[in-house]
A.B. asks: 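I'd like to ask you about the structure that follows.
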Amino acid sequence: RETTVRAETTLAPTTEVVVTVSDTGSNAFLFRRATRVAPDRHLAATFGLPESAAGRSITVRIVDGGRVVGERRATAEANH
């Protein structure tokens with residue numbers, strides 16, 4: 001299932017960041033996607049999460065140059 005992570009940032013436009021989505025429970029996974037900050041300081045990254053991720057608690061991180069600049073726990077939504 002495709003899931004898009006969107007965020008607003010104070011990083012400069014065109015800054016390349018890596019967005020990660022992970023879960024460490026049973027059937028653990030880690031996905032990484034590089035993206036650039038848009039001129040309006042928003043960013044987006046799309047992931048193909050496994051169906052088993054629906055309803056599970058996941059961690060989303062935004063990493064700039066090896067430094068975590070944003071982190072949030074969320075529940076992966078089921079797409080119908």
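Heavy atoms only: backbone and side chains are in, while hydrogens, waters and symmetry mates are out. These numbers come from a predicted model, not from an experiment. Numbers here are sequence positions counted from 1.
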A.B. asks: Verify the cluster assignment for Val19 and Val69: are they in a single hydrophobic cluster under the rule of side-chain heavy atoms below 4.5 Å apart?
C.D. replies: yes
A.B. asks: According to ring-ring contact (aromatic ring centres under 6.0 Å, His included), does anything in residues 47-66 pair up with another residue at least two apart or in another chain? List the pairs.
C.D. replies: none
A.B. asks: Any idea which heavy atoms bring Ala53 and Leu49 closest together, and the distance?
C.D. replies: CB-CB, 4.2 Å
A.B. asks: Let me confirm one number: the CZ-CG distance from Arg41 to Leu11, rounded to the nearest 0.5 Å.
C.D. replies: 8.0 Å
A.B. asks: What's the separation between atom CD1 in Ile62 and atom CG in Leu43, rounded to the nearest 0.5 Å?
C.D. replies: 4.5 Å
A.B. asks: Give the table of side-chain donor-acceptor pairs shorter than 3.5 Å for residues 25-38, with sequence neighbours excluded, one pair per line with atom names and distance.
C.D. replies:
unit_1, atom_1, unit_2, atom_2, d
Arg33, NE, Thr46, O, 3.0
Arg33, NH2, Thr46, O, 3.3
Thr35, OG1, Ala44, O, 3.0
Arg36, NH1, Thr14, O, 2.8

A.B. asks: Is Ile58 linked to Val18 within one hydrophobic cluster, defined over Ile, Leu, Val, Met, Phe, Trp and Tyr using a side-chain heavy-atom separation of less than 4.5 Å?
C.D. replies: no
A.B. asks: Listing request: all side chain to side chain donor-acceptor pair (under 3.5 Å) pairs with a residue in residues 65-74, at least two apart in sequence or in separate chains.
C.D. replies: Ser57-Arg73, Thr59-Arg73, Arg61-Glu71
